[in-house]
Structure formats: C-alpha cells, structure tokens
Amino acid sequence: MSFRLRVLRLVRRIPRGRVATYGQLAALAGHPGAARACGRVLRTTHDEPELPWQRVINSQGRVSTGGDAQRPLLQRTLLEAEGVVFSRSGRCALKRFRWEPQEDELCFLDDEEDEEDEDDLA
DNA sequence: TAAATGACTTAGG
DNA sequence: CCCTAAGCCATTT
C-alpha cells in the first residue's frame, strides 16, 4: 500500500472535533520523519469525498499556511465549527484535541493489497 | 537517474 | 511569540 493511500485512510479515521499532525500521521503510516511528504499528500489531494482534511495541522497546533490565502481561514473555521478551540494567537491545545488512536483502529493498514490506480480508500 | 519541491519539525536566538 | 537555519522525505520534474 502506498504512503499516500495510508495517509488518506488515516485522515478518515480522525474523529470530528479532534486533530492530528503531519508528523503523527506519517509515523502511523509507517514512515516516521515523513511529515513533509505527508503535507504533500494533502496538498495534491483535491475533492476527495469524505476526507476531513481540515483535521490535519502542524506540530505547533496551528493550521499551516499554503495554497491560497483563504484555505487556512476555511480550515480554522471548519475546525471551530466542530468544537476545536483556537487561542488568540491561532493555536489549539494539542494536549486536548490531538487524536490518539487505539491499536485496533489501525488494522486496515495491514492490508497487503496492491493499490489500485488511485483512491481505493475503502 | 539526478535535482527540485513543499499543508513539516526541531532547535536556537 | 516571532524568525531563521537545517534536516527530512515521498513525489515531481
């Protein structure tokens, strides 16, 4: 299974009102240190259905700047709408909102299936 | 096959 | 809290 696919599947497991960092997802996907590559996955992923992309933020608890100027604003708005609180300086407490998955929630990463062309996000 | 790219991170000032 | 400098890395060029 590709790194990209693993990351996308992980993002889908992030509960509403919780967040995960790029580095965290990379590690869960089995590629610790690939935070940057993780960001690339989201940047190059558009209009994927059922993909809560807004729940992925950086290690500082802040939404990353990137893409057009509106994206960060939308991201924060979406998160606040589901309960995530941001401080005046634009940071949220990871200690409180970070998603911490149980091992049995990641079984799907063990699939040795070949990856179909693209979004085989089952 | 080598070089360039960032929705990243961490360590220091 | 803001900013910089360096690593890091799967993808893209």
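Every chain is numbered from 1 and lettered A, B, ... according to where its sequence line falls, protein lines coming before strand lines.
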Query raised in the report: Across the strands shown, which category fits A:Thr44 at heavy-atom distances under 4.0 angstrom: base, sugar-phosphate, nothing?
Result: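 Answer is nothing: A:Thr44 stays at 4.0 Å or more from every strand.
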From [atom1] of [X] over to [atom2] of [N], roughly how many Å is that when rounded to an integer?
X       : N      : atom1 : atom2 : answer
A:Asn58 : B:dT10 : CG    : P     : 10 Å
A:Arg4  : B:dG6  : CZ    : P     : 17 Å
A:Leu42 : C:dT11 : CG    : C1'   : 14 Å
A:Leu51 : B:dA7  : CG    : C1'   : 12 Å
A:Arg6  : C:dT11 : CZ    : P     : 12 Å
A:Ile14 : B:dA7  : CD1   : C1'   : 13 Å
A:Gln60 : B:dC8  : CD    : P     : 11 Å

Query - Nearest heavy-atom neighbours spanning A:Ser64 and A:Tyr22 - result: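 Shortest heavy-atom contact: OG-CE1, 3.7 Å.
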Query - Check against side chain to side chain contact (heavy atoms under 4.5 Å, CB included), A:Arg71 and A:Trp53 - result: CA-CA 11 Å; A:Arg71 193 196 65 69; A:Trp53 56 273; 3.8 Å; yes
Query raised in the report: Which nucleotide in the list B:dT9, C:dA10, B:dA7 gets nearest to the side chain of A:Arg43?
Result: B:dA7
**Report entry** Of the listed nucleotides B:dT10, C:dT11, B:dA7, the one nearest the side chain of A:Gln75
**Finding:** B:dA7
Query raised in the report: Is the number of heavy atoms from other residues, nucleotides or ligands within 6.0 Å of CG (A:Asp47) greater than 12?
Result: no
Query raised in the report: Looking at side-chain heavy atoms only, is the closest gap between A:Leu28 and A:Val7 below 4.5 Å?
Result: no
Query raised in the report: Passes side chain to side chain contact (heavy atoms under 4.5 Å, CB included), A:Phe86 versus A:Arg91? Steps please.
Result: CA-CA 5 Å; A:Phe86 286 84; A:Arg91 293 184 308 171; 5.7 Å; no
**Report entry** Residues within residues 83-97 of chain A bordering DNA chain C, heavy-atom distance below 4.0 Å
**Finding:**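 Nucleic-acid contacts, sorted: A:Ser89, A:Arg91.
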Requested in this report: May I ask you to list the residues of residues 21-37 of chain A, by number, that have any heavy atom positioned under 4.0 Å from an atom of DNA chain C?
Outcome: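 DNA chain C contact set from residues 21-37 of chain A: A:His31, A:Gly33, A:Ala34, A:Arg36, A:Ala37.
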Query raised in the report: Is it true that a side-chain atom of A:Gln75 and a backbone atom of A:Pro72 form a donor plus acceptor pair closer than 3.5 Å?
Result: no
Query raised in the report: So, A:Glu82 and A:Arg55, do they make that salt bridge, N to O below 4.0 Å?
Result: yes
Query raised in the report: Does C:dA10 have OP1 or OP2 sitting under 4.0 Å from an N or O in the side chain of A:Ser2?
Result: no
